[in-house]
Structures are given as structure tokens and as C-alpha cells.
Amino acid sequence: MAAALQTNIRPVKFPATFRALTKQSPAPFRVRCCAVNSAGKKRYNITLLPGDGIGPEVVSIAKNVLEQAGSLEGVEFSFREMPVGGAALDLVGVPLPEETVSAAKDSDAVLLGAIGGYKWDKNEKHLKPETGLLQLRAALKVFANLRPATVLPQLVDASTLKREVAEGVDLMVVRELTGGIYFGVPRGIKTNENGEEVGFNTEVYAAHEIDRIARVAFETARKRRGKLCSVDKANVLEASILWRRRVTALAAEYPDVELSHMYVDNAAMQLVRDPKQFDTIVTNNIFGDILSDEASMITGSIGMLPSASLSDSGPGLFEPIHGSAPDIAGQDKANPLATILSAAMLLKYGLGEEKAAKRIEDAVLGALNKGFRTGDIYSNGTKLVGCKEMGEEVLKSVDSQVHASV
Ligand code: IPM
Ligand code: MG
């Protein structure tokens with residue numbers, strides 16, 4: 001029987017679940033619709049972009065976890081794996097083949113591993129793996145990047161900050177992802193009138209770009225602890241002056257959210273001095289890149305943190321915030337939890353499949369509660385495991401939820 005198309009596209013609802021991933025819902029977004037097969041199971045098309053370095057290892061594990069959690073909730077997936085980054089450069093000579101873009105656009109959500117590696121470091125800019133990632137973000141118009149940083153009680157000792165500073169940190173960086181200096185023109189390297197080379201880029205934000213990311217941030221803060229800190233450099237940059245003006249003007253529409261502003265240099269300092277003062281942070285592309293790496297380290301390991309990049313209507317892009325870690329690639333040492341948690345974000349934010357998402361979040365906590373740790377989050381008294389074994393423990397943990405509920 002032909003699959004009936006379910007056309008009711010509904011807004012995502014966010015249950016109170018995992019602290020790292022909840023209380024942060026971008027209400028303006030809409031989830032994707034899906035086909036329903038003859039057995040009444042929902043079916044989604046997912047594009048997998050394993051990429052480079054540890055990407056393939058962690059994506060294959062996350063795929064298994066996604067399938068398992070989905071099957072327990074009557075959700076099926078059809079996966080299509082496509083090349084991106086260095087893998088695509090090696091295969092077809094460009095970091096983002098057109099076929100990859102079409103597959104991604106045609107799917108319900110995209111799960112990416114990581115891109116980049118020593119091999120392509122010296123490539124010209126348009127042939128760098130990173131360029132492929134930026135092109136993909138632009139092609140999917142995923143302007144809102146949500147990067148949660150939560151210190152899990154199980155991992156407080158993995159933080160490099162003192163226990164009393166790190167304990168209880170639960171913040172969300174809302175990073176603008178398709179504008180600013182990353183994409184601004186003019187840009188380039190040229191020779192000036194003195195015969196000297198100059199490199200230049202443009203930090204530019206149009207009012208509508210600021211407004212739409214600010215709205216996501218206000219909505220996100222509203223569902224968390226109601227505090228939003230907008231980070232800019234309005235004491236120096238015109239783009240930041242406009243940013244602050246627009247964000248301030250929008251605050252009137254969100255009287256329940258307490259808005260504050262902070263210069264980025266101060267924010268970088270406050271994040272390590274007293275990270276608990278932050279709830280939701282909204283900032284531009286480049287400051288968000290830097291501050292989200294800093295925030296991730298508070299939690300102990302960048303290997304734990306997922307992200308969601310969302311557009312107004314198309315498929316979202318879900319990826320761990322860590323890189324391709326070429327030094328440990330293929331050695332079964334990577335931490336797959338950030339990608340597994342990105343799969344949970346995919347279910348929740350991308351597809352509105354909150355129950356399946358919660359299964360994954362609980363399973364991750366289950367594996368951590370049993371003491372399993374990859375090298376990056378290992379501490380005395382816990383059990384050191386590799387990437388595969390950690391994945392298997394999460395899978396077991398998903399299964400045990402069934403037995404527990406029988
Ligand atoms: C990130 C990464 C990317 C970025 C790189 C790989 C282009 O650092 O997702 O944070 O700068 O956005
Ligand atoms: Mg980064």
C-alpha cells in the first residue's frame with residue numbers, strides 16, 4: 001500500500017526531560033512532516049553526513065541508537081549517507097557536492113559527524129572541508145544554532161573548573177549561524193597601494209537577521225529560566241550597535257524575559273568566573289563560535305555536547321560541536337555521546353518526536369550512571385571504554401527501558 005503523507009505539520013512541544021536539552025525550545029520552528037506506512041509507523045528520511053576523522057565512527061553509532069529508540073516509539077527511518085568535507089574532496093574534488101545538498105534539502109533532518117583534517121589543511125579556501133560545512137549551513141538556511149552546555153552531576157569532576165563553580169551550570173548559547181563576518185562581503189586578500197598584502201572581512205548584520213535570531217533566543221529563554229544575555233561588542237563595532245538596538249527593542253514583546261547585555265570580552269571572562277549567572281546567551285556568528293567552545297569546556301568535555309541548527313521551515317542540521325579529532329580517528333577512542341545527543345536533538349527539535357528523544361537522553365544518562373566513560377571524561381573509579389563499547393552501553397540502556405516498563 002502506498003504510504004499516506006501526513007500533512008499536519010505541528011509546532012514542536014517540549015516536555016520537561018533531560019536538563020542538557022530541555023527548557024530551550026525554539027517555538028517559532030515547525031517540525032517536518034513524515035510518511036506513514038501500512039503498519040501505521042511514521043517514516044522519516046534522514047541524510048547522514050559522516051564526514052571526516054572520528055565523524056564516521058560516531059555517526060554510525062548514533063544511527064543505531066536512533067533506529068533503536070525510534071523503533072520503540074513506532075518511528076522508522078530511511079537513511080541516506082552522503083559525502084561532505086574532506087571525504088567529498090577525496091571523492092569528487094569539492095567539499096560539498098550538489099548531490100549532497102539536494103539529498104539534505106529533500107530529507108526531514110540531517111545528522112553530521114565532523115569535517116576537516118590535516119590532509120586538507122593546506123588546501124585553498126574554496127577547497128577546504130570547512131568551506132563545505134559553511135556552504136551547507138547557508139544552503140539549508142539554518143540561521144539558529146542552539147548549543148546547550150550543561151554540567152551533568154555525573155561529570156562534575158571532568159570539568160577543569162572548581163566543583164563549586166562548575167556544579168549546576170546549565171546554559172544555552174543561541175548562535176547566529178548564517179550571517180556576520182563568516183559570510184559578509186567584501187572579503188578577500190589583496191595587495192594594497194604600497195604593494196603590501198592585506199586580508200579583510202566584513203562583519204555585517206541586517207535588521208531582519210538580528211530580529212529573527214533574537215526571537216529564537218527570547219523564546220528559548222522563556223522556556224528556560226527566563227534570562228537572556230545578549231553578547232556583543234557595541235563599544236566598538238557598528239554591527240553590534242545595531243544588534244543591541246534591535247534586541248533591546250524586541251524585549252518589549254517578551255516582558256517575562258529578563259534581558260541583559262554584555263560585551264564579548266567580559267562574557268568570555270564571566271563564563272569562567274561565574275558561569276551559573278547565565279541562562280540563555282544570544283550572540284553573533286563569530287562570538288558564538290568562540291563562546292560555545294569555552295562554555296563546552298566548563299562541562300568537562302567538548303565530546304559531550306550536541307547542537308541543533310534550525311531554519312524557518314526546512315530540515316535542521318544536527319551535529320556534535322566537537323571537531324573531527326584526526327589524532328584519535330579510527331582508534332575507537334572517540335566519545336560518541338555528543339553525536340548520540342545530537343540525534344536526540346534531531347528527534348526533538350527536527351521531527352517533534354519527543355518520546356524517542358527522551359529515550360536517547362535517558363539512555364545516555366543510564367550508561368553514565370553505570371560508570372562507563374570514554375577517555376575524555378574518565379575519572380578515577382569509573383570504567384574506561386572505547387567509542388564502540390560506549391555506543392553498545394547506550395543501546396543496552398535503550399533496551400532496558402523496555403524491560404523496565406514491562
Ligand atoms: C563550529 C566550527 C565551525 C565554525 C568550523 C569548522 C567552520 O568551529 O561549528 O563551531 O567555525 O562554525
Ligand atoms: Mg567552533
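Residue numbers start at 1 and run along the sequence shown.
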Closest contact, heavy atoms only, Thr47 versus Ala103: OG1-O, 3.1 Å

Crowded around Lys333 NZ? As in, over 12 foreign heavy atoms under 6.0 Å? no

Would a distance-only check, ignoring hydrogens and angles, find a side-chain to backbone donor-acceptor pair under 3.5 Å from Glu203 to Ile181? yes

Quick one: which residue pairs count as a salt bridge (Lys or Arg N to Asp or Glu O under 4.0 Å) with a foot in residues 147-161, not counting sequence neighbours? Asp157-Arg163

Quick note, ring-ring contact (aromatic ring centres under 6.0 Å, His included) partners involving residues 66-107, not counting sequence neighbours, are Phe77-Phe79

Would a distance-only check, ignoring hydrogens and angles, find a side-chain to backbone donor-acceptor pair under 3.5 Å from Asp52 to Gly117? no

Gln331, CD atom: more than 12 neighbouring heavy atoms under 6.0 Å: yes

Sidechain-backbone polar pair: Lys105 side chain, Gly314 backbone, donor-acceptor under 3.5 Å: no

Using a strict threshold of under 4.0 Å (side-chain N to carboxylate O), is an ion pair present between Glu354 and Lys358? no

For Gly226, does its backbone N or O pair with a side-chain atom of Asp279 as donor and acceptor, under 3.5 Å? yes

When every non-hydrogen atom of Asn285 is compared with those of Tyr205, the smallest separation belongs to N-OH, 3.1 Å

Heavy-atom closest pair, residues Ala334 and Val58: CB-CG1, 4.1 Å

Has Ser159 got a side-chain atom pairing as donor or acceptor with Val156's backbone, closer than 3.5 angstrom? no

For the side chain of Gln401 and the backbone of Arg359, is there at least one donor-acceptor N/O pair under 3.5 Å apart? yes

Donor-acceptor pair, distance only, cut-off 3.5 Å: does the side chain of Lys128 make one with the backbone of Asn123? yes

Kindly say whether Tyr182 contributes a backbone atom to a donor-acceptor pair with the side chain of Arg187 at under 3.5 angstrom? yes

Could you tell me whether Lys276 atom NZ has more than 12 heavy atoms of other residues or ligands within 6.0 Å of it? yes

Is the backbone N or O of Leu96 less than 3.5 Å from a side-chain atom of Thr100, with the two atoms forming a donor-acceptor pair by type? no

Is it true that Glu393 and Lys396 make a salt bridge, defined as a side-chain N closer than 4.0 Å to a carboxylate O? yes

Does Phe200 have Lys190 sitting over its ring (NZ/CZ under 6.0 Å from centre, angle to axis within 45°)? yes

Pairs under 3.5 angstrom only: tabulate donor-acceptor contacts from the side chains of residues 368-381 to other protein residues two or more places apart or in another chain.
residue, atom, partner, partner atom, Å
Asn369, OD1, Gln154, NE2, 2.7
Asn369, ND2, Leu365, O, 3.3
Arg373, NH1, Leu368, O, 2.8
Arg373, NH2, Gln154, O, 3.2
Thr374, OG1, Asn335, ND2, 3.4
Thr374, OG1, Asp376, OD1, 2.6
Asp376, OD2, Ser301, OG, 2.6
Asp376, OD2, Asn335, ND2, 3.0

For Glu253, does the CD atom have more than 12 heavy-atom neighbours from other residues, nucleotides or ligands under 6.0 Å away? yes

Contact summary for Val59 and Leu112, nearest pair of heavy atoms: CG2-C, 4.0 Å

Indicate yes or no: does Asp256 engage Arg222 in a salt bridge with an N to O separation below 4.0 Å. yes

Residue pairs meeting side-chain hydrogen bond (donor to acceptor under 3.5 Å, both in side chains), one or both in residues 77-98, sequence neighbours left out, come to Asn45-Ser78, Asp90-Lys119, Asp90-Trp120

Qualifying ring-ring contact (aromatic ring centres under 6.0 Å, His included) pairs with a residue from residues 207-240, counting only residues at least two apart or across chains: Phe218-Tyr254

Quick one: does any side-chain atom of Ser311 pair with a main-chain N or O of Ser313 as donor and acceptor, under 3.5 Å? yes

Enumerate the residue pairs fulfilling side-chain hydrogen bond (donor to acceptor under 3.5 Å, both in side chains) with a member in residues 53-62, sequence neighbours excluded, ordered by first and then second residue. none

